[in-house]
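Accompanying notes for the structure given below.
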Amino acid sequence: MTAAPEPPPPAEPAQAAGGERRHRTLSAPWRAWIALSGLAAIALALNKLLNLGFFAGVTLLDNAYLYLLCALLVGTVFLFLPASPRARQVGVPGYDLLLYLASWGVFAYFAFNAGRILEEAWEFMAPTAAVWVAGLGWLLLLEATRRAGGTAVFVVVAVISLYPVFAGHMPGPIAGLPQPLNTAAAYHFTSSESVLGIPTRAFGELVIGFVMFGAVLQYTGAAAFFNNLAFALFGVVRGGPAKVSIFASGLMGSVSGSVVSNVLTTGVVTIPAMKRTGFPPAYAAGVEACASTGGVLMPPIMGATAFVMASFLGIPYSAVVLAALVPSLLFYFGLFVQIDGFAARRGLRGLPRAELPSVARTFAEGWQYVAVFVLLVWLLLVLQQEAIAPFYATALLLVINQAWRRHRLGWKQLMALAEGVSKSLAELAALLAGVGLIIGALSVTGLAGTLANDLVFLAGNNVYVLLVMGALTSFVFGMGMTITACYIFLAIVLAPPLVKAGFDPVAVHLFMMYWGMVSFITPPVSLASFVAAGVAGARPVEVGLRSMRLGSTMYFVPFFFVLNPALILRGSPLDIVVVVATAVLGIWLIGSALEGWLTGFGRLGEGAAGVAARVLLFAAGLGMALPGGGDLGLSHLQLSLASVLLAAGALGLAAFTRPRSAGHTHA
């Protein structure tokens, strides 16, 4: 038997935060310096999280630690990301070296004065020198945010960070307490609510280890092992390569947190395999785009956003994981049903068994990598050691990888790994510190406390209107921001009014995360679809439309769980069991209606009558999946019963109108 093709070396993990872009071509000394900066940041984080005291009993203040972390990482983006994508990509120009040194100096200055900042309340009474340094840091951070997150993020952050200066001139609903420019600058850099706010604290206390782990996973043999395992398990079944995409992309996306990197890592293997077995290029690209997008919503890691969410909600990370489990499985189940129906209608088989690795051989060659995830999940969910779990998992992963000759990394590969990890950390650090400026602007003006009431008033106290407003706003912001930046902004602005309207806080935050992800598969942006289209050689718009259909459950599921938190495992056991069961059945009917094929029944008719049967089955699925009220009242049971009757009518119509030859096919 031959092994499934291994993926090529992945795109640099640094692309995870800011999307696909060309980095500068740097000389060996510069690459080594970037790698050392990232390793120093990781060492600093370990010193803080493990309370090592630099092995000399020296304990850093929390703000000093975060300032030093920013000093090591934020300015690094000036070294490897050019000012413009069209700029010459070779070497570090003098002006970027100056920006890097200035950024280092700003954060080092505040780290040196960390004690005075707390003792003398610099956020409102900073000395003149600190105000000037903060002003310079403000400008530098905005430019670092632009390079790391793109123009859209830069514009939003820049405008809102200046809001305190003109807050007194804004109309009633968005008016706030004005602050002079010098006070705003000092507040941004010396308070615990802005640059050092929740995003940066979450990065320094939780996210940094998982970004490192995700990057190391892509550089080691673990990525090839899980890819081959997916082919061994699902490659031979009906539509096998597409089902492989679900498994492989779900796993890799959960770890990396980057939709684009996920498509480029797993898609280069799964998309050609799908095309070989008869899937059209646009369909294959759509499957990979949806599977990669859903990976960021899949526990146990969910990229970086889940940790930021836990910080905002003030709950353990394990609580976020448990809440996200059922919705993510529903999304992938809906995708699976559609893929299976499409393959059945077209008679598509899997790959020949002779071309696939056996499960036994795959485990024999990579069983040791399973231990890494066992350790990670045990530390996360059993011991609840979220901060240090990825460091132990990464250490075990590297030990295992270097102990087996087949995937052992040489010195050159290890340096490339360190450089890639450093770039990934630098981009995310710059992005999160920049987005923190939004929090600071709303905090210092008092707008964060009044905006919730104003939004509820604008919605006319109608919670459903407010929910739709939240979905559309999340979608719009998701088109121009990374998911983490989008989520942070919405958690500040939209979460409070939705919670105030009576919705469950965890459900609200997951709702915004889901709708922020929708833009990855929805035109006009649909970044995941466009990247997958390039791999598949298909038209981007066609892939975007196909992705919308395949990923349709992503549009419905957030409304289901926010209307009844039983879908995020919050409620009585009986309520949870019944609501989850009806949701699974409903998603099955919806996916079957979209593809025109119901497992166990066959093709859903032909012509106009077939279309009518599919519409009825879709409506039945929607009614079944809608959880109704928060308890098992009569209305919920009536809705479920009506949905069953509607589904029976749809199947009767389909059976009456379809040709006699249409029916079951072999799997």
Side-chain angles (χ1 to χ4, degrees), residues 160 173-174 176 193 197-199 201-202 297 302 305-327 435-436 438-443 445-478 481 483-518 556-572 575-576 579 626-631:
I160 298 181
I174 56 173
E193 301 292 335
I198 288 178
R201 289 202 303 273
L297 306 170
M302 303 170 65
T305 311
F307 302 99
V308 180
M309 185 182 300
S311 298
F312 266 107
L313 290 167
I315 61 176
Y317 166 72
S318 57
V320 176
V321 168
L322 291 176
L325 181 61
V326 171
V435 172
I438 296 176
I439 300 177
L442 300 183
S443 172
T445 58
L447 183 63
T450 61
L451 193 57
N453 295 329
D454 293 332
L455 287 175
V456 171
F457 175 78
L458 290 174
N461 290 318
N462 187 315
V463 294
Y464 299 103
V465 172
L466 190 62
L467 206 57
V468 172
M469 287 172 55
L472 295 177
T473 305
S474 302
F475 170 68
V476 171
F477 276 98
M481 294 185 179
I483 179 57
T484 305
C486 174
Y487 165 74
I488 291 171
F489 179 77
L490 295 169
I492 301 165
V493 176
L494 276 177
L498 288 171
V499 172
K500 185 178 178 65
F503 295 113
D504 181 88
V506 178
V508 165
H509 283 253
L510 279 175
F511 178 88
M512 294 183 300
M513 183 177 176
Y514 265 72
W515 270 92
M517 293 298 298
V518 161
F556 302 125
V557 168
F559 285 97
F560 295 159
F561 65 67
V562 83
L563 290 173
N564 190 340
L567 273 179
I568 59 172
L569 306 181
R570 299 171 76 84
S572 68
D575 195 7
I576 291 172
V579 170
L626 278 172
D631 55 7

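Since we're looking at a predicted model, the values are computed, not measured.
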Angle class for the W515/F511 ring planes (parallel below 30°, perpendicular above 60°, tilted otherwise)? tilted
Search all heavy atoms of V508 against all heavy atoms of A495 and return the closest pair with its distance. CG1-CA, 3.9 Å
Below 4.5 Å, heavy atoms only, C-beta onward: do P505 and L313 meet side chain to side chain? yes
Heavy-atom closest contact (A507 atom, V562 atom, distance): CB-CA, 3.9 Å
Of all heavy-atom pairs between A471 and F559, which one has the smallest distance, and what is that distance? CB-CZ, 3.9 Å
Under 3.5 Å, side chain of T445 to main-chain N/O of A441, donor-acceptor pair present? yes
Please lay out, stage by stage, how L467 and L563 fare under the test side chain to side chain contact (heavy atoms under 4.5 Å, CB included). CA-CA 10 Å; L467 206 57; L563 290 173; 4.3 Å; yes
Euclidean distance, D504 CG relative to L567 CG, rounded to 0.5 Å: 12.0 Å
Are the side chains of H509 and V320 in touch, meaning some heavy atoms are under 4.5 Å apart? no
For L626 and F560 the tightest heavy-atom approach is CD2-CE2, 3.5 Å
Locate the shortest heavy-atom distance separating P497 from L466; write the atom from each residue and the value. O-CD2, 3.6 Å
Counting C-beta onward and ignoring hydrogens, is there a side-chain heavy-atom pair between F312 and I488 closer than 4.5 Å? yes
Least distance between heavy atoms, R570 atom then I576 atom: N-CD1, 4.1 Å
CE-CD1 distance between M309 and I315, expressed to the nearest 0.5 angstrom: 8.5 Å
